[in-house]
Amino acid sequence: MPELAYLNGKILPIKKAMVPIEDRGYQFGDAVYEFIASYKGRMFCVEEHLDRLERSMRALDFPPVSKNSVRDALTHLFDKAMIERAGIYIQISRGVASRTHSFPQNTGVQTVMTVTKLSETHAYVNTGMAVITLKDFRWGRCDLKTVQLLPNVLAKQKALDKGVNDAIFVSDKGVVREATSSNVFFISSDKIVTHPLTHNILPGITRIMILDICRKKKIPVEERFYRVEDLYGADEVFLTGTTTEVTLVDTVDGRPVGEGLVGGHTIELYKALRERATRHADEKNE
Ligand code: PDD
């Protein structure tokens, strides 16, 4: 099935979709985005992603964009592509205008979307992932999903260059924030701990799902600040995200964490998340 793009109302093959060089997303990183996954032909958590997109735009004083129009365009594009397991990328920039730092006047936003194939499961289902910790050198509004991802890109590459899979950002004072494209959780004495919602982390949609699953399963959760040493001494560490789903971390800075993949809450939560996503699809497909 075709991998498609949407560009300001038009649908076309991805390779044919071009944005003007004066797009503010391209020149200033003045754009927000979302990434949605589909399971069994149905997009998962669409409303949560659209709400976060709207929140990001509002916080950055974007001109108003109707959520219904984004949803309609998104649904139309996704239906056309007919890719059951897809990653749907939406990016909205503050428009195309002559290059000046200040906001352009009377310029509409520019919306692009793509639908591409996504592998059936995340890459570390049978292994677990190795991570390093790095100093968080991002800006002060990591709760907004903007395309300014250079620190995340550099951190991810540094991890790969060091022979591990990802990096976790840690504040100057040693507080664990999040990974380059996922939220971080750890488990200690059957209690699950994750960073609270502040300007320093993205409010992950998968994070919301996992917290809800924990509540339903009566697994105790604490949303609080914690330190790298807590990860070193944890029973389990895992990352959550739309593509990451729930991924076990088996080493942090070269130190093995817990017992690896055997048993544990991480596998249970991974299965519960998949079950929720496929149940949602089955109900829609009935
Ligand atoms: N990344 N933290 C960061 C910095 C992220 O970039 C992401 C998502 C998350 C998890 O959010 P969610 O559960 O809503 O996917 C946390 C997406 C997948 C990306 O950049 O492609």
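Everything quoted here is computed from the prediction, not taken from an experiment. In what follows, every heavy atom counts, from backbone to side chain, and hydrogens, waters and symmetry copies are set aside.
- Of the possible donor and acceptor atoms, one in the side chain of Arg138 sits under 3.5 Å from a partner among the backbone N and O of Asn200.
- No side-chain donor-acceptor contact under 3.5 Å links Thr244 and His122.
- A side-chain donor-acceptor contact under 3.5 Å links Thr278 to the backbone of Glu275.
- No side-chain donor-acceptor contact under 3.5 Å links Ser38 to the backbone of Phe44.
- Taking the charged nitrogens against the carboxylate oxygens, Glu84 and Arg42 have no contact shorter than 4.0 Å, which rules out a salt bridge.
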Name the atoms and distances for all side-chain donor-acceptor pairs under 3.5 Å in residues 201-214, with sequence neighbours left out.
from	atom 1	to	atom 2	distance (Å)
Thr206	OG1	Gly241	O	3.4
Thr206	OG1	Thr242	N	3.3
Arg207	NH2	His195	O	2.9
Arg207	NH2	Glu223	OE1	2.7
Asp212	OD1	Arg215	NH1	3.4
Asp212	OD2	Lys216	NZ	3.0
Asp212	OD2	Arg276	NH1	3.0
Asp212	OD2	Arg276	NH2	2.8

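- Here the CG-CD1 distance, from Asp136 to Ile168, works out to 11.5 Å after rounding to the nearest 0.5 Å.
- Glu245 places no side-chain N or O within 3.5 Å of a backbone atom of Leu273 that could act as its donor or acceptor partner.
- A distance-only check finds no donor-acceptor pair linking the side chain of Asp250 to the backbone of Val257 [under 3.5 Å].
- Here Leu134 sits in one hydrophobic cluster together with Ile132, Val164; the rule is ILVMFWY side chains under 4.5 Å apart, joined directly or through other members.
- Listed by first and then second residue, the ring pair (Phe, Tyr, Trp, His ring centres under 6.0 Å) pairs that reach into residues 67-92 are Tyr33-Tyr89, sequence neighbours excluded.
- Annotation: cation-pi geometry not satisfied between Arg177 and Phe169 (NZ/CZ under 6.0 angstrom from ring centroid, within 45° of ring axis).
- Under the rule for a ring-ring contact (aromatic ring centres under 6.0 Å, His included), Phe62 has no partner lying at least two apart in sequence or in another chain.
- For Phe186, the ring-ring contact (aromatic ring centres under 6.0 Å, His included) test picks out Tyr226, with sequence neighbours left out.
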Pairs under 3.5 angstrom only: tabulate donor-acceptor contacts from the side chains of residues 97-111 to other protein residues two or more places apart or in another chain.
from	atom 1	to	atom 2	distance (Å)
Thr107	OG1	Gln105	O	3.2
Gln110	OE1	Asn8	ND2	2.6
Gln110	NE2	Asp23	OD2	2.4

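- Judged purely by atom type and a 3.5 angstrom limit, Ser119 uses its side chain to pair as donor or acceptor with the backbone of Thr121.
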